[in-house]
Number of protein chains: 2
Amino acid sequence: MNTIADIAKIAGVAKSTVSRYLNGGSISDKTKKKIEKVMEETGYMPNTFAQSLKAKKTNIIGIIVPRLDSYATARTLIGIDEFLRECNYQMFVSNTSLDLEREIESILTLTKQKVAGIILLATEITERHIEIIKTIQIPVIVVGQEHQQLYSIVHNDYEAAYELGKYVLEQGHRKIAYLGVSEKDIAVGVKRKEGFKKAMQEIKGCEVKYFETSFKIAEALIKVPSIIKEYQPSMIVCATDNIAIGALKAAYMNGLTIPKDLSITGFGGYEVTEMMNPGLTTAKFFYQDAGRMAANSIVKLVNGEKISKKTLSKFKIIIRESVDKLNINQL
Amino acid sequence: MNTIADIAKIAGVAKSTVSRYLNGGSISDKTKKKIEKVMEETGYMPNTFAQSLKAKKTNIIGIIVPRLDSYATARTLIGIDEFLRECNYQMFVSNTSLDLEREIESILTLTKQKVAGIILLATEITERHIEIIKTIQIPVIVVGQEHQQLYSIVHNDYEAAYELGKYVLEQGHRKIAYLGVSEKDIAVGVKRKEGFKKAMQEIKGCEVKYFETSFKIAEALIKVPSIIKEYQPSMIVCATDNIAIGALKAAYMNGLTIPKDLSITGFGGYEVTEMMNPGLTTAKFFYQDAGRMAANSIVKLVNGEKISKKTLSKFKIIIRESVDKLNINQL
DNA sequence: CTGAAAGCGCTTACAG
DNA sequence: CTGAAAGCGCTTACAG
């Protein structure tokens, strides 16, 4: 592996000239040719460390993800990657396996590596997050959760849940189970539930019962049968598509036909929900878009531009076949 | 952001002493205490570039993935990440969006960044891959595809397909459609088909017809109805779970009941196949294991240890409900 | 347009 | 155990 000094010697010029060649400084055509030739012959590759050591910054954006095996993560990463490439930035992905401790660690490690900025796909924002983000001198964008003190890109969980709730009521459902997640997760656990509640409050005589589960399909599989048995709702609104997929399977295993015997909805709009049978009605979020927005924001921050604290990503209610149309008079 | 020189000055020692403190060299308890104190006060963070510039190597392993939104990729990454963390290596993920040109580029970029090794989740290995991998002086492990000249971790596609083929025959199927992918993909396009063919050849009077589609669910959705209509098989063996999911949906949309009217199998063992209705019979590969194996291999190579050119990852036929048991006499 | 020199922040022999 | 010095490969004023 040869260095700029080798190239200079072979080409018979000074190191600085080679450096200038590399960085688009002004050089005569003659020396340009000479250097070009040597470059090709040697297959020279600049040492990124030496470059960064001088330049004091990199074109790398660190992305911290809670998990890799998630549709939402994958799509968001694709959006980030796409946009970053267009701006000549690279992305460095760091996985934390849903461990908040590792999230903090990752922020520190990325800082050491002098990334230009950090995008955090968040699940829960703790005091320690705020603290450390203030300490490091690097811009940070949070995706999926919001916090007054941080820049964030968030899905419109509240409105999406509200719209979905209204749709469900329009279909005549009046005895509904809402299967949510822990309120530690503000976006999924709180906002979606609140939006849904608002829709429910706008109508009289609708019975709703709230249940809680984890993000795991397997847990929904276990919880749903008892909900069906004890509460006997005409529909289960699930806080994520994965929970809905578990509910769908649980219902089938208990001999129920969807949507005739039970209606089910999700949140997310994962590709596979379209392939379920019946297709799942769900509130679709545009993860890839949100990823692009996050990338756009971080690049702006890195360049010292101003951006608004919070950006909302859009959603769409996708109506498929998993919700039955009930005749209200029959109830 | 302060440097080793700042720390040294504040603590009243030499830079080299601080460096020694950082790297576990021998120092007296007294100076240790002093430095420790200053470290805490300043919140010192070493500059990774300067470290790497001297040390001439990093603890980073570059991972090149063809796509991010794939179950197989995600699981493999998890396995790699897990193992690498245990060995104090970091992973740097580079996505190519199924663009072979970008794959070559990524190898070059990672080389410039002086990664210690590269793991390539491969789809197709071209001459240019071989060429460039020979050029760079960095160990490379290929996952998912094999090549005589490269180190690889491969799934046992051939045996898996053979076993699955035998199972299908045991269930009495004698008119089978095999829905595969392009033969450019040796593992999925060739090996699986070959293994399946071998099983078919061991029995007489079985009619098999081979079809081809892409990896996309949407394409399977289009192709499958015409296969059903024109060929009327009792079963469709799909080369991936995604294709099988598309087939399942297509069958439903055409009013068929699975497995009574049509049996379907896949390859992969994606988590969601268990949640389909009916559960999909499939050849499960252990992606996370394969990821760990790849990480293990690359660490060995980086440390100059010998490893075998090719390592096989295991598989398991998962029998669920998507294959009907036929009475052969009835045929 | 070109070159010599200083310096980025660290590590590592080499003396003491 | 500790310090002074050289050097990793590059970039960037500063002269010429």
Trainee: Is any side-chain N or O of B:Asn23 closer than 4.0 Å to OP1 or OP2 of C:dT11?
Mentor: yes
Trainee: Under 4.0 Å, counting only non-hydrogen atoms across every strand here, what does B:Thr3 touch: a base, just sugar-phosphate, or nothing?
Mentor: sugar-phosphate
Trainee: Please compare B:Ala50 and B:Thr31 by the position of their nearest nucleotide in DNA chain D and report the one closer to 5'.
Mentor: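 Taking each residue's closest nucleotide, the earlier one in sequence belongs to B:Thr31.
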Trainee: Look at all strands and tell whether B:Ser28 reaches a base, only sugar-phosphate, or nothing, counting heavy atoms closer than 4.0 Å.
Mentor: sugar-phosphate
Trainee: Rounding to a whole Å, what distance do you find between B:Phe49:CZ and D:dT11:P?
Mentor: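 Rounding to the nearest Å, CZ of B:Phe49 and P of D:dT11 are 13 Å apart.
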Trainee: Of the listed nucleotides (D:dA4, D:dG9, D:dA6), which one gets closest to any side-chain atom of B:Lys15?
Mentor: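 Nucleotide nearest to B:Lys15's side chain: D:dA6.
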Trainee: Taking 4.0 Å as the cut-off, does a side-chain nitrogen or oxygen of B:Tyr21 come that near to OP1 or OP2 on D:dG3?
Mentor: no
Trainee: Does B:Ser16 put a side-chain nitrogen or oxygen below 4.0 Å from OP1 or OP2 of D:dT2?
Mentor: no
Trainee: Picking from D:dA6, D:dC10, D:dT2, which would you name as closest to the side chain of B:Ser26?
Mentor: D:dT2
Trainee: Just to confirm, is there a sub-4.0 Å distance from OP1 or OP2 of D:dG9 to any side-chain nitrogen or oxygen of A:Gln51?
Mentor: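 No.
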Trainee: Indicate whether OP1 or OP2 belonging to C:dC10 is found under 4.0 Å from a side-chain N or O atom of B:Ser19.
Mentor: no
Trainee: Using the side-chain heavy atoms of B:Arg20, tell me which of these nucleotides is nearest: D:dT2, C:dG9, D:dG9.
Mentor: D:dT2
Trainee: Does a nitrogen or oxygen in the side chain of B:Thr17 sit under 4.0 Å from OP1 or OP2 of D:dT2?
Mentor: no
Trainee: Taking the side chain as C-beta and beyond, is there a heavy-atom pair between B:Thr109 and A:Gln90 under 4.5 Å?
Mentor: yes
